[in-house]
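Here the structure comes first, spelled out in structure tokens, and everything after it is commentary.
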Amino acid sequence: MSARRKAAGLPDYPGILPASMAEGYEIQDYSISLWPDTVAGWKIGLVPPAFREAVGAERLVGPVFSGLVHDHADGQVHDMPVFADGFAAVEAEFIIKLGRDVPVGTAITPELAREVAASLHVGVEIASSPFPGINDLGPICVITDFGNNYGLILGPEIDGWRDRPLTDLPAKVEIDGETVGETTAASLPGGPLGALEFILRLMQERGIALPAGTLISTGAVTGVHQAEVGSKSRVSFGQDGAFDLVLSALAPMADTGSTAASA
């Protein structure tokens with residue numbers, strides 16, 4: 001956490017890597033309680049196939065803090081800060097906004113997931129961490145560092161999304177003029193609503209209520225595309241919108257105190 005406050009790189013993982021996803025989420029919860037911002041939403045990430053059997057999970061989650069949510073205007077070029085000496089990536093995302101509270105104790109069903117999804121938006125997640133090897137160490141490492149999130153751009157709502165096939169929801173990422181990923185929402189297991197059902201169930205297990213208005217970034221639909229400071233990206237969703245952004249070097253926070261066990 002100190003490295004995040006100082007915008008500094010970490011050559012090694014700080015401390016001992018937890019032995020399980022559950023222990024990783026305990027560290028995440030503790031770090032959230034100490035971070036000087038409120039949670040506006042949650043990002044979902046796919047666990048790489050090589051790690052799934054060992055950790056017993058296909059997906060992971062991390063918080064998206066209010067100060068890192070960016071609204072989008074047509075023609076805007078977003079300046080997105082990242083850890084210059086750490087890890088950074090650009091991800092195309094379909095983002096669900098919850099239309100009602102989901103308190104602890106709620107019975108989760110596919111039908112409930114459809115009911116609580118008020119809107120589906122196009123957007124961009126910036127994955128960034130002080131630790132360059134965050135993904136190499138696997139999903140438990142990612143969980144302990146806020147899910148490797150450092151920004152979410154919220155774009156326009158997708159018109160008629162409930163009635164459109166997932167194959168009619170395209171996504172493409174270009175970095176410095178080169179296409180690095182292109183697919184549709186059908187590449188997400190279960191689509192965006194399947195991702196939402198997953199996180200609703202996980203949050204019940206973790207004892208975390210989700211208030212109305214919570215943003216759920218449903219996963220890097222075209223993949224995790226690593227990029228460097230100065231890289232220019234365009235993330236496009238066909239008729240549903242596009243984003244232009246530039247990665248810049250993150251500046252230290254005003255308060256650089258150190259308090260938690262995570263990076």
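Since the structure is predicted, the reported quantities are computational estimates derived from the model, not experimental observations.
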Donor-acceptor contacts under 3.5 Å from residues 32-42 side chains, at least two apart:
unit_1	atom_1	unit_2	atom_2	d
Ser33	OG	Tyr30	O	2.5
Asp37	OD2	Gly67	N	2.8
Thr38	OG1	Ser66	OG	2.8

Residues 51-61 side chain polar contacts: donor-acceptor under 3.5 Å, at least two apart:
unit_1	atom_1	unit_2	atom_2	d
Arg52	NE	Val47	O	2.5
Arg52	NH2	Val47	O	2.9
Arg59	NH2	Pro189	O	2.5

Pairs under 3.5 angstrom only: tabulate donor-acceptor contacts from the side chains of residues 241-254 to other protein residues two or more places apart or in another chain.
unit_1	atom_1	unit_2	atom_2	d
Asp244	OD1	Arg234	NH1	3.1
Asp244	OD2	Arg234	NH1	2.7
Ser248	OG	Asp79	OD1	2.5

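Using a 4.5 Å cut-off on side-chain heavy atoms (C-beta onward), Leu152 and Leu68 make no contact. Val64 places none of its side-chain heavy atoms less than 4.5 Å from the side chain of Leu215. Within the 4.5 Å cutoff, side-chain heavy atoms of Ile140 are placed close to those of Met21. Leu196 has its side chain within reach of Val116: a pair of non-hydrogen atoms, C-beta onward, lies under 4.5 Å apart.
Asp145 and Ser129 share a side-chain donor-acceptor pair at under 3.5 Å.
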Check the pair Asn149 / Glu125 against side chain to side chain contact (heavy atoms under 4.5 Å, CB included), numbers first and verdict last. CA-CA 7 Å; Asn149 175 267; Glu125 182 192 358; 3.1 Å; yes
Please lay out, stage by stage, how Leu154 and His70 fare under the test side chain to side chain contact (heavy atoms under 4.5 Å, CB included). CA-CA 6 Å; Leu154 180 65; His70 307 269; over 6 Å; no
Before you tell me yes or no, could you show the steps for Ser20 and Tyr25 under side chain to side chain donor-acceptor pair (under 3.5 Å), namely the whole-Å CA-CA distance, both residues' side-chain angles and the distance that decides it to 0.1 Å? CA-CA 9 Å; Ser20 68; Tyr25 283 125; over 6 Å; no
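You'll find the ring centres of Phe83 and Phe131 outside the 6.0 Å limit.
Electrostatic pairing of Lys43 and Glu93 does not count as a salt bridge here, judged by no charged N lying under 4.0 Å from a carboxylate O.
Around the CD atom of Glu228, the shell of radius 6.0 Å holds no more than 12 heavy atoms that belong to other residues, nucleotides or ligands.
Evaluation of the side-chain hydrogen bond (donor to acceptor under 3.5 Å, both in side chains) test over residues 189-203, restricted to residues two or more places apart or in two chains, returns Glu197-Arg201. Pairs passing the side-chain hydrogen bond (donor to acceptor under 3.5 Å, both in side chains) check and including a residue from residues 166-179, sequence neighbours excluded, read Arg164-Asp168.
Qualifying side-chain contact (heavy atoms from CB on, under 4.5 Å) partners for Glu26, counting only residues two or more places apart in sequence or in other chains: none.
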